[in-house]
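Keep in mind that what you see is a predicted model, and the values were worked out from it rather than measured. Order of the sequence lines sets the chain letters (A, B, ...), proteins ahead of strands, with each chain counted from 1.
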Number of protein chains: 2
Amino acid sequence: MRRSEIRGHLLDTALRLFNLHGYHATGIDLIIAEAGVAKTTLYRHFETKEDLILAALERRDEEARAEMRTYVEQRTSDPVERLMATFDFLEACVRDSQFRGCIFMSAAGEHKEAADPVFRAALMHKRLVLAYFEELAHAARIAEPKRIADAINLLHEGAVAVAQVTRSAEPVRQSRRMAVTLFDREVRAPLVSSAQRADAQAARP
Amino acid sequence: MRRSEIRGHLLDTALRLFNLHGYHATGIDLIIAEAGVAKTTLYRHFETKEDLILAALERRDEEARAEMRTYVEQRTSDPVERLMATFDFLEACVRDSQFRGCIFMSAAGEHKEAADPVFRAALMHKRLVLAYFEELAHAARIAEPKRIADAINLLHEGAVAVAQVTRSAEPVRQSRRMAVTLFDREVRAPLVSSAQRADAQAARP
DNA sequence: ACGTAAATATACCGATCTGTATCGTTTAGC
DNA sequence: GCTAAACGATACAGATCGGTATATTTACGT
């Protein structure tokens, strides 16, 4: 492994283990063993474990939001359908065999003090995701974009929480349907894709 | 302190600390110090820390569901309004200064293996709460009680998750409004209380 | 009131935790 | 190719972890 890749490899390894076992339960020794790296090397890149956690969360924050953006934008150009596509992206995340809940919620759950840097990093991620929902709602020319973004955010969080304990993707599908029911009278265009509308027509002709 | 109270006192102390700091971050030494009890005493009542966690979760499960039942049943006898009263109960929980998120979600978040007894205890609590929602939906003579119970459950979980990071009760109020919007055409009676309807009439006569 | 079971305090165990120190080896940039 | 920085391996420090052992005192049931 090239030296320039070590830092990123450490972050990826740490993120995988944090996702699998949580933050307190994942020791430095396990991280370096899984990464195949000496302990000295880890502490040359990150001063403390907390710094490693913060760097990992920052990396994952940017990565996750970029993935969602890419998924949503290449799925449809219709601004309203893009709002709904966030649920499809979420469903894909939840269906991943490695899904163990939202790592930012876990981070906040293990670092509950509002002043804890880890908690603040988790909060910041949530704010940025919410801002993206607002951006989508604004583009969709919805009357109250902030309220709709809050609602989508709440449905997302509920779906992830229920999916985390039930180990099922069905809560995400249900939250999507709830979003459709909630918003289908508030926006200018239908909230189901043309393909789905065709399916529905074919099902009951 | 009487001997018969020690076990319960240990469970209460442990629950308080688990809620404040999480499970891994709360050591045995802190629990016994806060409880004012010798370590030997704790280990006479609970074989391991995991046993203590499981006993604490079981106690809190019964306590929390009994509190919700009591709150809901004494607030209104109308079965439909009782569904909505679960949100009011939730709002009271979230407004508590000690609120740090759902301790069962935290437990599942720190014990992610599906076979972990702690994870299973958290899952069991969620199933029982969902069953109560179904019970309420059934009493309200709703067409699809299970689907509505799932929806309420999802809104609850979303509200708690968002409230946990934003440190606000507003997400709970929003989830309640979303529930009203979702169900007001599905049930036989209005979903706002007569007092709220009077307020609305007074506001715009 | 007495005897037993459970409480206490304290010391201790081995394991594990985060983090450092040492030192020999490898790599990257000039 | 030289040099300086980074890496690997290992040992270790000091704290804390969950859990035990022991010896003494306290409280409860009969």
Novice: Once you round it to whole Å, what is the distance between P of dC7(D) and CD1 of Ile6(A)?
Specialist: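 About 5 Å, once rounded to whole Å.
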Novice: Could you check which of dT22(C), dG19(D), dA5(C) has an atom nearest any side-chain atom of Arg3(B)?
Specialist: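 So the nucleotide nearest the side chain must be dA5(C).
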Novice: With respect to Arg69(A), which candidate in Glu63(A), Glu135(A), Glu62(A) satisfies the salt bridge (Lys or Arg N to Asp or Glu O under 4.0 Å) definition?
Specialist: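 With Arg69(A) as partner, Glu63(A), Glu135(A), Glu62(A) yield a single salt bridge (Lys or Arg N to Asp or Glu O under 4.0 Å), made by Glu135(A).
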Novice: Please state how far atom CG in Leu42(B) lies from atom C1' in dT8(C), giving the value in whole angstrom units.
Specialist: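 So the CG-C1' distance, Leu42(B) to dT8(C), works out to 14 Å.
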Novice: Using a distance-only criterion (donor-acceptor N/O pair, under 3.5 Å, no hydrogens), is the base of dG19(C) paired with the side chain of Lys49(A)?
Specialist: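 There is none.
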Novice: What is the distance from NE2 of His24(B) to P of dC17(D), rounded to the nearest Å?
Specialist: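 Between P of dC17(D) and NE2 of His24(B): 13 Å.
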Novice: So does Lys126(B) pair up with Glu157(B), basic N to acidic O under 4.0 Å?
Specialist: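 Yes, Lys126(B) and Glu157(B) are salt-bridged.
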Novice: Could you give the CD1-to-P distance, from Ile28(B) to dT16(C), as a whole number of Å?
Specialist: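 So the CD1-P distance, Ile28(B) to dT16(C), works out to 17 Å.
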Novice: Rounded to whole angstrom units, what separation is found between the CG atom of Asp29(B) and the P atom of dC12(C)?
Specialist: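 Value for this atom pair: 16 Å.
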Novice: Closer than 4.0 Å, any side-chain N/O of His45(A) to the OP1 or OP2 of dC7(D)?
Specialist: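 For His45(A), the contact criterion (side-chain N or O under 4.0 Å from OP1 or OP2 of dC7(D)) is met.
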Novice: Please determine whether a side-chain nitrogen of the Lys or Arg among Arg173(A) and Glu91(A) lies less than 4.0 Å from a carboxylate oxygen of the Asp or Glu.
Specialist: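 So Arg173(A) pairs with Glu91(A) through a salt bridge.
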Novice: Check this one for me: any side-chain N or O of Thr41(A) less than 4.0 Å away from OP1 or OP2 of dG8(D)?
Specialist: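 So the side chain of Thr41(A) is within the cut-off, an N or O lying under 4.0 Å from OP1 or OP2 of dG8(D).
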Novice: Rounding to an integer number of Å, can you tell me how far Arg44(A) CZ sits from dT22(C) C1'?
Specialist: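 Checked: the CZ to C1' distance equals 12 Å.
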Novice: Quick one: Tyr43(B) OH to dA6(C) P, roughly how many Å, whole number?
Specialist: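 For the pair Tyr43(B) OH and dA6(C) P, the rounded distance is 19 Å.
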Novice: Could Arg65(A) and Asp61(A) be called an ion pair, given the rule that one side-chain N must be under 4.0 Å from one carboxylate O?
Specialist: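 Yes, this pair counts.
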Novice: Between P on dA23(D) and NZ on Lys39(B), what's the gap in Å once rounded to a whole number?
Specialist: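 About 19 Å, once rounded to whole Å.
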Novice: At less than 3.5 Å, do the side-chain atoms of Thr40(B) and the base atoms of dA21(D) form a donor-acceptor pair?
Specialist: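 Side chain to base: pair found, below 3.5 Å.
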